[in-house]
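Please read the structure below before turning to the comments.
By convention in this document, chain letters (A, B, ...) are assigned in the order of the sequence lines, proteins followed by strands, and residues within each chain are numbered from 1.
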Amino acid sequence: MVWFCSPPHMKIEPEEDFYHSPKLAKSLKRERDDDNEWEEERYTDGVKWKFLEHKGPVFAPPYEPLPSNVKFYYDGKPMKLSPEAEEVATFFSKMLDHEYTTKDIFRKNFFKDWRKEMTSEEKAKITDLKKCNFTEMSEYFKGLSEARKAMTKEQKLKIKEENERLLQEYGFCIMDNHRERIANFRIEPPGLFRGRGDHPKMGMLKRRIRPQDIIINCSKNSKHPEPPPGTKWKEVRHDNKVTWLVSWTENIQGSIKYIMLNPSSRIKGEKDWQKYETARRLKKCVDRIRAQYREDWKSKEMRVRQRAVAIYFIDKLALRAGNEKEEGETADTVGCCSLRVEHIKLYPENEGQEYVVEFDFLGKDSIRYYNKVPVEKRVFKNLQLFMENKEPDDDLFDRLNTSVLNKHLQELMDGLSAKVFRTYNASITLQQQLKELTNEDENIPAKILSYNRANRAVAILCNHQRAPPKTFEKSMQNLQAKIDAKRDQLANAKRDLKAAKADAKGLRDDKSKKKAVQRIEEQLMKLEVQATDREENKQIALGTSKLNYLDPRISVAWCKKWGIPIEKIYNKTQREKFAWAIDMAEKDFEF
DNA sequence: GGCACGACTTGTCGACACTTAT
DNA sequence: ATAAGTGTCGACAAGTCGTGCC
């Protein structure tokens with residue numbers, strides 16, 4: 001694969017870097033679409049880089065004990081806590097306003113972990129969370145945050161400069177001749193774990209990460225990052241088959257966390273590109289695959305039927321694969337393969353439609369998926385069969401899991417897995433919606449509304465919902481008020497124009513008045529478009545699909561075709577992430 | 001197969017910065 | 001100048017999926 005579009009200032013040794021020469025961009029464009037032999041030429045056997053140097057992570061600032069006048073009270077009496085216990089208490093006190101702290105599980109988990117940090121005296125005394133009074137601590141932190149807001153410009157600037165310094169020192173690494181931005185070079189600070197949805201571990205203590213917890217990954221011939229004075233890294237390794245720079249094990253789930261590169265980096269960009277190329281290959285054979293699973297609905301084998309219905313859901317409804325999860329470790333959420341009988345309802349007939357399936361379950365991040373869809377008769381009959389003699393909490397697809405499913409998909413097409421369908425369907429929907437909705441004669445704001453509507457169709461498909469912003473109603477009213485004011489203004493301008501026309505002497509004014517009317521009309525139209533857009537976007541989040549599912553070349557091509565500035569579609573970060581696409585896609589790009 | 005694990009992508013949210021209205 | 005509204009970005013949780021082991 002070719003990487004030719006990194007910003008020139010990032011280049012370390014331009015003349016040595018054949019693949020990064022902008023001059024080659026044009027000539028290579030023809031080749032890159034259908035093969036990726038370039039990457040294979042550069043790196044074989046999963047090698048991700050040849051040189052990697054970085055400064056290691058930035059640790060969370062150490063705990064600063066409370067001033068002595070800020071007290072914790074137990075059973076109404078002030079009590080001085082040991083620094084360890086005090087720190088954990090401050091975590092709780094900072095969350096007092098949050099609903100979390102009223103939840104039983106949260107309180108139970110917190111109290112259990114807090115007690116582990118107490119001295120034996122403290123442990124003996126503090127036995128009931130209800131008797132703990134954190135309000136003084138809470139007030140203290142509120143005060144601090146007020147003070148932060150009230151800082152002078154100079155103080156704020158100073159902090160900003162310090163952050164910039166840290167970014168320059170720790171926020172970049174060198175990977176194969178490029179200075180690349182790191183995504184998350186700061187180690188997550190300690191605190192109380194807040195899972196999403198009904199999480200059994202909410203409130204547990206997320207412990208502080210120390211140098212001895214950290215594994216550094218870099219190349220042998222690089223300057224290794226130094227641990228803070230008096231400390232040691234857990235390990236320094238040189239594994240160029242992976243892309244991470246730093247890792248540690250987190251104590252809530254025992255999973256590994258990583259420091260990796262920013263989406264603007266070569267390594268992430270190439271991967272992203274590859275993802276869309278896989279989706280485009282699916283486009284070429286999706287008809288065959290669809291025919292295949294429709295055929296499989298009739299199979300004699302139960303597992304084949306289940307597999308075929310599951311793929312149908314994944315394809316038609318853009319469901320996620322649905323790996324099984326360890327019970328009690330995470331919130332109870334499901335995807336396609338882990339659907340249970342209780343998550344669907346079958347209606348032979350519903351609101352004038354035949355064979356309707358009603359889905360109602362919690363998906364990723366405990367976001368509700370609710371949908372009523374008519375399906376083919378065969379699917380319906382199969383579902384009835386799958387549900388026979390089962391309890392509500394039994395698996396719908398008892399002969400299927402993601403591993404089996406993906407193995408099958410892999411056989412149908414190289415690189416095919418469940419999530420490729422999501423990418424494919426999202427991107428193809430955008431492309432098709434853009435074709436359908438864009439009106440040549442409309443102005444730029446109207447075209448952008450069309451773009452957002454196309455984007456919205458995808459977000460709905462992928463179930464990317466959001467809670468309506470707290471200020472939604474208000475901001476809608478404000479916008480409406482603006483529109484009303486603009487309407488009045490327009491009426492006035494029109495009257496002026498009429499008066500000027502009627503008055504023979506006003507000939508000279510006529511032109512400018514006409515212009516004024518036109519300008520106001522345009523402004524009004526812009527506001528109205530904005531209102532429509534916002535209203536339609538009330539419960540829908542566009543960001544996730546834009547960032548993860550929509551081949552950016554479709555958007556870039558659309559912008560080029562209609563003369564829309566790319567900035568109207570992608571903000572700065574997005575443009576950085578999609579630099580590869582902005583550089584390569586022409587107006588005739590077809591997904 | 002089934003399972004644990006590691007690496008990587010996807011997802012939501014809230015803090016903060018920036019902009020505009022008052 | 002301040003408040004309010006809006007957009008951006010980072011934090012970090014929660015998915016997917018391939019691998020290697022038994």
Study note, to complete from the structure: salt bridge (charged side-chain N to carboxylate O under 4.0 Å, His left out) filter on A/Asp239, not counting sequence neighbours, yields none
Practice item. Quick one: label A/Lys201 by what it contacts on the DNA or RNA (base, sugar-phosphate, nothing), any heavy atom closer than 4.0 Å. Key: nothing
Check your understanding: In terms of the nearest nucleotide of DNA chain B, which residue is placed more toward the 5' end: A/Asn401 or A/Leu547?
Key -> A/Asn401
**Study point:** Those residues that, when tested against A/Arg340, pass salt bridge (charged side-chain N to carboxylate O under 4.0 Å, His left out) (two or more places apart)
**Key:** A/Asp332, A/Glu342
**Study point:** d(CZ, A/Arg148; C1', B/dC16) in whole Å
**Key:** 11 Å
Point to revise | OP1 or OP2 of B/dT9 under 4.0 Å from side-chain N/O of A/Lys268 | key: yes
Under-3.5 Å N/O pairs linking protein and nucleotides 18-21 of chain B:
| from | atom 1 | to | atom 2 | distance (Å) |
| --- | --- | --- | --- | --- |
| B/dC18 | OP1 | A/Lys160 | NZ | 3.3 |

Practice item. With DNA chain B as reference, determine whether A/Thr423 or A/Asp239 sits nearer its 5' end, using the nearest nucleotide of each. Key: A/Asp239
Check your understanding: OH of A/Tyr570 versus C1' of C/dT8: gap in Å, rounded?
Key -> 17 Å
Review point. Is any side-chain N or O of A/Tyr549 closer than 4.0 Å to OP1 or OP2 of B/dG11?
Key: yes
Exercise for review: For residues 192-205 of chain A, pull every pair meeting salt bridge (charged side-chain N to carboxylate O under 4.0 Å, His left out), keeping only residues two or more places apart or in separate chains.
Suggested key: A/Arg196-A/Asp365, A/Lys201-A/Glu329
Exercise for review: Whole angstrom is fine here: how far is it from CD1 in A/Ile267 over to P in B/dT9?
Suggested key: 9 Å
Review point. Once each nucleotide of nucleotides 14-22 of chain C is scored for protein heavy atoms under 4.0 Å, what B/S/- sequence comes out, 5' to 3'?
Key: BSBBS----
Check your understanding: How about A/Ser338 and A/Lys325: does a side-chain donor come under 3.5 Å of a side-chain acceptor?
Key -> no
**Study point:** Sugar-phosphate, base or nothing in reach of A/Gln465, heavy atoms under 4.0 Å
**Key:** sugar-phosphate
**Study point:** 5'-most by nearest nucleotide on DNA chain C - A/Glu188 or A/Asn571
**Key:** A/Asn571
Review point. Whole Å only: how far is the CE atom of A/Met202 from the P atom of B/dT12?
Key: 18 Å
Review point. With sequence neighbours left out, what residues match A/Lys156 under side-chain contact (heavy atoms from CB on, under 4.5 Å)?
Key: A/Met151
Revision key, fill the gap. Those residues at least two apart in sequence (or on a different chain) that pass salt bridge (charged side-chain N to carboxylate O under 4.0 Å, His left out) with A/Lys546 are none
Check your understanding: Can you check the A/Ile540 CD1 to B/dT12 C1' distance for me, whole Å?
Key -> 16 Å
Check your understanding: Over how many whole Å does the gap from A/Asn251 atom CG to C/dC12 atom P extend?
Key -> 13 Å
Practice item. Tell me what A/Lys206 touches on the nucleic acid: a base, only sugar-phosphate, or nothing, going by heavy atoms under 4.0 Å. Key: sugar-phosphate
Review point. What nucleic acid atoms does A/Pro263 come within less than 4.0 Å of, heavy atoms only: base, sugar-phosphate, or nothing?
Key: nothing
Check your understanding: Side chains of A/Asn455 and A/Ser545: is there a donor and an acceptor less than 3.5 Å apart?
Key -> yes
Review point. In whole angstroms, how far is the P atom of B/dC13 from the NE2 atom of A/His464?
Key: 12 Å
Point to revise | Side-chain H-bond candidate by donor/acceptor type, A/Gln274 with A/Glu270, under 3.5 Å | key: no
Exercise for review: Could you tell me the separation between the CZ atom of A/Arg186 and the P atom of B/dA15, rounded to a whole number of Å?
Suggested key: 17 Å
Check your understanding: Taking only residues two or more places apart in sequence or in another chain, which ones pass side chain to side chain donor-acceptor pair (under 3.5 Å) with A/Glu169?
Key -> A/Arg165
Exercise for review: Verify the contact: side-chain N or O of A/Arg181 to OP1 or OP2 of C/dG10, cut-off strictly under 4.0 Å; return yes or no.
Suggested key: yes
Check your understanding: Which residues pass the salt bridge (charged side-chain N to carboxylate O under 4.0 Å, His left out) test with A/Glu301, sequence neighbours left out?
Key -> A/Arg303
